[in-house]
Amino acid sequence: MFIVLRRLPDGGAELTPVGRPQPGTAPVVGESVVVDEADLAMAVATREVETSPRWVWDDTRRWYPRLLGLGVRVARCVDLRLCHALLRGSEATVGSELHGAAAGPYDVAQAGVDDVAGLFEVVPESLPDPVGEFLRQRRAIESSPGRGGLELLTTAESTGALVACEMHHRGIPWSATVHDRLLTEALGPRPARGGERPVRMRDDVDEIRAALGAPDLNPDSPADLLKVLQRAGLGVASTSKWELRRHEHPVVEPLLRYKRRQRLLVANGWAWLDAWVRQGRFRPDYVPGGVVTGRWATSGGGALQLPKAVRAAVVADPGWTLVVADASQLEPRILTGLSRDVAMAAAGDGDLYEGIVASGAVATRAEAKVAMLGAMYGATQGESGRLVPRLARRFPKAMEYVEAAARTGEAGGVVSTLLGRSSPRPGEAVAADLPPEMDRGPVGRDARAWGRFTRNFVVQGTAAEWALCWMGATRAALHERFAGRGEGAPHLVFFLHDEIVVHSPADVADEVVAIVEQSAVAAGRLLFGEAPVRFPVTVAVVDDYSQAK
DNA sequence: GCGTCTCGCGCG
DNA sequence: AAAGCGCGCGAGACGC
């Protein structure tokens, strides 16, 4: 049973049930009910308890934060905007009305923070005709040869949207005190006036200027710095740290130290703390499906780039712990499943890279890792490019899978993930986000770049699907087991591509660990059935995030 | 002054 | 050892 929600122009909301009396028949639209805005949360909560419907709405960000604020959680939803993007672009819906349709009202970016009504503000109207849009989507899915995959994918994507709101709502536990201490230790005390350099960095600048004989050099200006470095005899073409590292010169050490500190100050310094941490919580704005491959993005706060240097500030509440879990070597294992490469599956019985060494393909674990990444990214040069052919000899099926994806891309074709998310067509409008040399389609040298993109798309995108299923299964199991605890229940607080963090009361951490592990197994089954591929997770129960890994 | 681009670096 | 995917962000550089 589905219930489609629509916000009415003059306030209030319309609830329209859509059901399927007999399996295999077309969905039937029932009688709508209209409720006042003030009664909406109660109406949702009541139906959630009684029938556990799948809530259908235009954009999770427009509905769910307000419900969460009123204490209403829902188990399942359909996010029409996210599913529209998936289905419209999917190769698996060719022939449906949605496939490749002209851009319409559902082709919009996720509601921004400013668009989301606060608890006491006017609520924006819905996107038009959600019932019609929902029925179009159902037809696209049900007429598809990839129906099973699309059902799972749209469900997982929508559940991700719920989790994103829930994680924002709860926030990541963050100790401003610890963060400030980390900054003070690394940089010196917070300067009294913003814009001033902390004392350690002033000392760095003095050393740099002395070493280069440039008393008024601004080390923050790459152009100035490059000029001065070259004048001092360093044959560098850029000021990047990997290039600087290769030179013996008194400036190198203080300059790299300065860059490290400057980075910390600018990206995650006191200004960041002031802007993003409130009452012991960091609440990033997650953007599910924000990456072409299906990965999440964030807007503001840089939550997916949290540097290791500040992770000690993520501290569990007293009496609570953090259960930190990451999927080991996720992408190579995804490739194993996609390609049904039994040799690679065997290598992945334990540590995958050690298994590759044991197969005789390469000599060391480090080589195995570099070779594997090179295969998935399309490396052609350097150590990585040199090692890829050795991998190809032992694991021809896996290699052929990514090679085929690359050839398709080079020829201007579309590739798809396991569940049915398709790559953008070369030159498509979505490529506005891509580097300029890649948005003109596969011509000349650009074809190779597009091939590397499609090569990686199938792996990264399917890994994102696995991760969504893992997180969704974890969320469901946590709720089933701990819902009775209310606010005291363990809950997801962070998601980072192949890693999840659960904030959990210490006394149930062991149970949470088991849930996270079982959910990884469940996600593997959902995607790959009984194929011989394993998805082991590394789990740590810690007081602060820096203690994991 | 304002918007956009490039660089460099953090993360997976 | 530094070329091979996907991002977000801030500062400086640049054009108007």
Side-chain angles (χ1 to χ4, degrees), chain A residues 195 218-227 236-246 255-256 258-269 271-272 275-276 284-287 289-311 326-332 334-335 366-367 369-388 402 405-406 409 415 417 423-424 432-438 448-464 467 494-500 545 549:
Chain A
N218 172 14
D220 298 335
S221 165
D224 283 7
L225 183 57
L226 183 60
K227 238 176 282 173
V236 289
S238 79
T239 64
S240 66
K241 68 176 179 189
W242 67 261
E243 193 163 3
L244 286 166
R245 255 198 310 245
R246 291 156 42 195
L255 182 53
L256 291 179
Y258 173 78
K259 278 170 162 272
R260 201 168 57 241
R261 287 172 167 161
Q262 166 73 357
R263 176 74 195 173
L264 177 62
L265 174 69
V266 156
N268 297 98
W272 181 94
W276 289 100
D285 291 308
Y286 297 99
V287 187
V291 177
V292 277
T293 57
R295 277 185 171 184
W296 286 16
T298 53
S299 89
L304 303 186
Q305 289 88 29
L306 272 191
K308 301 233 157 88
V310 302
R311 292 187 180 187
D326 83 279
S328 312
Q329 305 121 16
L330 178 59
E331 293 195 351
I334 290 292
L335 176 55
E367 282 186 342
K369 186 171 180 176
V370 165
M372 200 65 236
L373 291 175
M376 293 185 301
Y377 295 162
T380 56
Q381 293 179 9
E383 192 194 7
S384 188
R386 188 170 56 74
L387 288 170
V388 168
V402 283
V415 297
T417 60
S423 64
D433 301 337
L434 298 167
E437 72 275 12
M438 284 172 67
R448 299 263 294 278
W450 197 265
R452 287 195 298 274
F453 168 62
T454 53
R455 169 195 294 265
N456 187 247
F457 182 94
V458 294
V459 178
Q460 187 183 119
T462 306
F494 195 44
F495 172 52
L496 188 56
H497 308 315
D498 61 356
E499 179 173 339
I500 58 180
Y545 193 17
K549 290 200 265 206

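Every chain is numbered from 1, with letters handed out A, B, ... down the list of sequences. It should be emphasised that the depicted structure is a prediction, and the values quoted were computed from it without experimental measurement.
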With a 4.0 Å cut-off on heavy atoms, is [X] in touch with a base, just the backbone sugar-phosphate, or nothing at all?
{"X": "A/Gln460", "result": "base"}
{"X": "A/Gly378", "result": "sugar-phosphate"}
{"X": "A/Gly385", "result": "nothing"}

Legend entry - Listed nucleotide nearest any side-chain atom of A/Thr239, set C/dG10, B/dG8, B/dG12: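 Among the listed nucleotides, the one closest to the side chain of A/Thr239 is B/dG8.
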Inset, instruction - Side-chain contact test, heavy atoms from C-beta onward, threshold under 4.5 Å: evaluate it for A/Thr298 versus A/Val287 and give yes or no. - result: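 Counting from C-beta outward, A/Thr298 and A/Val287 never come under 4.5 Å.
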Inset, instruction - Would you kindly check whether a donor in the side chain of A/Arg452 faces an acceptor in the base of C/dC5, or vice versa, at under 3.5 angstrom? - result: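 A donor-acceptor contact between them is absent.
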Inset, instruction - Check whether the side chain of A/Glu331 and the base of C/dC5 form a donor-acceptor pair under 3.5 Å. - result: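 Counting by modelled atom types and ignoring angles, no donor-acceptor contact under 3.5 Å is found here.
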Legend entry - Counter-base of C/dG4, judged by Watson-Crick or G-U geometry with both distances under 3.5 Å: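 Base partner found: none.
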Legend entry - N/O (side chain, A/Lys241) to phosphate O (OP1/OP2, B/dG10) under 4.0 Å: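 Yes, within the criterion.
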Legend entry - Between CH2 on residue A/Trp272 and CG on residue A/Leu264, distance to nearest 0.5 Å: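 Reported to 0.5 Å precision, the distance equals 11.0 Å.
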Inset, instruction - Can you measure from OG1 (A/Thr380) to CZ (A/Arg448) and round to the nearest 0.5 angstrom? - result: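 A/Thr380 atom OG1 to A/Arg448 atom CZ measures 6.0 Å (nearest 0.5 Å).
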Legend entry - Comparing A/Ala297 and A/Gly382 on DNA chain C - which has the more 5′ nearest nucleotide: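 In this pair, the answer is A/Gly382.
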